[in-house]
Protein chains: 2
Amino acid sequence: MDHQTQNAFRALADPTRRDIVRILAGQDMTIAQLTDRFDMTRAAVKKHLTVLSDGGLISVEARGRERINRLEPAGMTPVLDWLSYFDRFWDDRLAHLKDAIERKRHD
Amino acid sequence: MDHQTQNAFRALADPTRRDIVRILAGQDMTIAQLTDRFDMTRAAVKKHLTVLSDGGLISVEARGRERINRLEPAGMTPVLDWLSYFDRFWDDRLAHLKDAIERKRHD
DNA sequence: TTATTAAGATACCATTTGGTATCATGTCAA
DNA sequence: TTGACATGATACCAAATGGTATCTTAATAA
């Protein structure tokens, strides 16, 4: 039912994609730049980027013939929301991280 | 490299498994009890439980001919650790949830 | 203009995944 | 003891997944 949650969790399920997320947390990158960091073809990296985009975790900005891939912190929200459910059992502070992301979003 | 992290993320990638985690957060259950909650065979549920167990998210206690499936909050730690990486960028409070789980572990 | 470069699209392949059906094993109760 | 019940195990299947190779398109640079 909740596609965003499913797509986000699915996006994070692959180690290559989690690495991409970390790399993009450091700096925006084109597909070619990202491909340099991995031992696979550009087409494979592109597929991962599509999955990450479906999960709302990255956005893509066209600049000339390049595509700048940028991390979308807000895309993590469905994941944190899901984790928050357990928050009720264990602790109530995950909400604060969500708030932080929300603030970041409006910078 | 980090199998625990990979297995935990993989375990959470499926909606049925996330539902199982939520259900077990409410109360421990046998496979038969869990199967009642889903529109699939016991064998399918059992497979999901194996994946969850591989991810360290549940433990199983044999009691007579039954197997009691129990949520393992500590199994979520690798996931929260990974998310904590972004904490450095956005906020520093996810660590508190991790602490809470750690405390719960020693109850 | 023309060659090069960055990326998109598609077809294809092997493996994994999520499911079923079926059979075997161990435990409880009459 | 014997039958019923809870689970384990295995073989099998269709679809999804992660990857490659290849072709096309669009933008930049010489």
Side-chain angles (χ1 to χ4, degrees), chain A residues 1-24 27-72, chain B residues 1-24 27-72:
Chain A
M1 291 298 177
D2 184 346
H3 283 215
Q4 277 312 103
T5 301
Q6 174 53 27
N7 288 343
F9 269 107
R10 184 201 161 214
L12 293 177
D14 182 271
T16 298
R17 287 195 291 269
R18 288 198 303 279
D19 285 345
I20 290 176
V21 167
R22 281 210 182 197
I23 291 171
L24 292 182
Q27 97 186 76
D28 300 349
M29 279 196 190
T30 65
I31 296 186
Q33 287 175 315
L34 279 168
T35 303
D36 284 343
R37 307 292 202 90
F38 296 96
D39 188 26
M40 65 183 70
T41 64
R42 179 180 55 79
V45 172
K46 161 66 175 169
K47 279 194 180 183
H48 284 305
L49 289 172
T50 299
V51 175
L52 285 167
S53 179
D54 289 349
L57 294 173
I58 66 168
S59 62
V60 187
E61 178 198 349
R63 223 166 68 188
R65 64 182 158 182
E66 295 183 338
R67 299 290 183 283
I68 312 297
N69 297 277
R70 177 173 297 112
L71 193 62
E72 274 311 323
Chain B
M1 289 300 174
D2 185 346
H3 282 221
Q4 276 312 102
T5 302
Q6 175 53 27
N7 288 344
F9 269 107
R10 184 199 163 216
L12 294 177
D14 182 90
T16 298
R17 286 195 292 268
R18 288 197 304 278
D19 285 346
I20 290 176
V21 167
R22 281 210 182 196
I23 291 171
L24 292 182
Q27 97 186 77
D28 300 348
M29 280 196 187
T30 66
I31 295 186
Q33 287 174 315
L34 278 168
T35 302
D36 284 343
R37 306 293 201 90
F38 296 95
D39 186 27
M40 65 184 69
T41 64
R42 180 181 55 79
V45 172
K46 160 66 175 170
K47 279 194 180 185
H48 284 305
L49 289 172
T50 299
V51 175
L52 285 167
S53 179
D54 289 347
L57 294 172
I58 67 168
S59 61
V60 187
E61 178 198 350
R63 223 166 68 189
R65 61 182 160 182
E66 296 183 335
R67 298 289 183 286
I68 311 297
N69 297 276
R70 175 173 298 112
L71 194 61
E72 277 305 328

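On a predicted model such as this, the values are computed, not experimentally measured, just so you know. The basis for the numbers below is simple: all heavy atoms, side chains too, and nothing from hydrogens, waters or symmetry mates. We name chains A, B, ... by the order of the sequence lines, and we start the count at 1 in each one.
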Distance, rounded to the nearest Å, where [X] contributes [atom1] and [N] contributes [atom2]:
X       : N      : atom1 : atom2 : result
A/Leu34 : D/dG19 : CG    : P     : 14 Å
B/Phe38 : C/dG18 : CZ    : C1'   : 14 Å
B/Phe9  : C/dT16 : CZ    : P     : 21 Å
A/Asn69 : C/dG8  : CG    : C1'   : 13 Å
B/Asp36 : D/dT7  : CG    : P     : 10 Å
A/Glu66 : C/dT4  : CD    : P     : 19 Å
A/Lys46 : C/dG8  : NZ    : C1'   : 6 Å
A/Gln6  : D/dA16 : CD    : P     : 13 Å

Judged by atom type as modelled, is there a donor-acceptor pair below 3.5 Å linking the side chain of B/Arg17 to the main-chain atoms of B/Ala11?
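Flag set: sc B/Arg17 to bb B/Ala11 pair under 3.5 Å.
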Keeping the roles fixed (side chain from B/Glu66, backbone from B/Arg63), state whether a donor-acceptor pair exists under 3.5 Å.
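Side chain of B/Glu66 to backbone of B/Arg63, a donor-acceptor pair under 3.5 Å: no, none is there.
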Has [X] got a side-chain N or O lying under 4.0 Å from the OP1 or OP2 atom of [N]?
X       : N      : result
B/Arg67 : D/dA6  : no
B/Arg10 : C/dT17 : yes
A/Thr41 : D/dG19 : no
A/Thr30 : C/dA7  : yes

To the nearest 0.5 Å, what is the distance between CD (B/Gln6) and CD (B/Gln4)?
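It comes to 10.5 Å.
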If you measure from CD1 on B/Ile23 to CG on B/Leu71, what distance do you get to the nearest 0.5 Å?
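Interatomic distance, B/Ile23 CD1 to B/Leu71 CG, rounded to 0.5 Å: 11.5 Å.
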Would you say the side chain of A/Ile68 lies within less than 4.5 Å of the side chain of A/Thr30, judging by non-hydrogen atoms?
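Yes, at least one pair of side-chain atoms sits under 4.5 Å.
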May I ask you to verify whether the side chain of [X] and the base of [N] hold a donor-acceptor pair under 3.5 Å?
X       : N      : result
A/Lys47 : D/dG19 : yes
B/Arg65 : D/dT7  : no
A/Arg42 : C/dG8  : yes

Quick one: label B/Arg17 by what it contacts on the DNA or RNA (base, sugar-phosphate, nothing), any heavy atom closer than 4.0 Å.
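The answer is sugar-phosphate, as B/Arg17 gets under 4.0 Å only of primed atoms, P, OP1 or OP2.
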Closest nucleotide of DNA chain D for B/Ala43 versus for A/Ala43: which of these residues is on the 5' side?
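Nearest-nucleotide comparison on DNA chain D picks B/Ala43.
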Between D/dA6, D/dG19, D/dT7, which nucleotide gets closest to the side-chain atoms of B/Ala32?
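Looking only at heavy atoms from C-beta outward on B/Ala32, the closest nucleotide is D/dT7.
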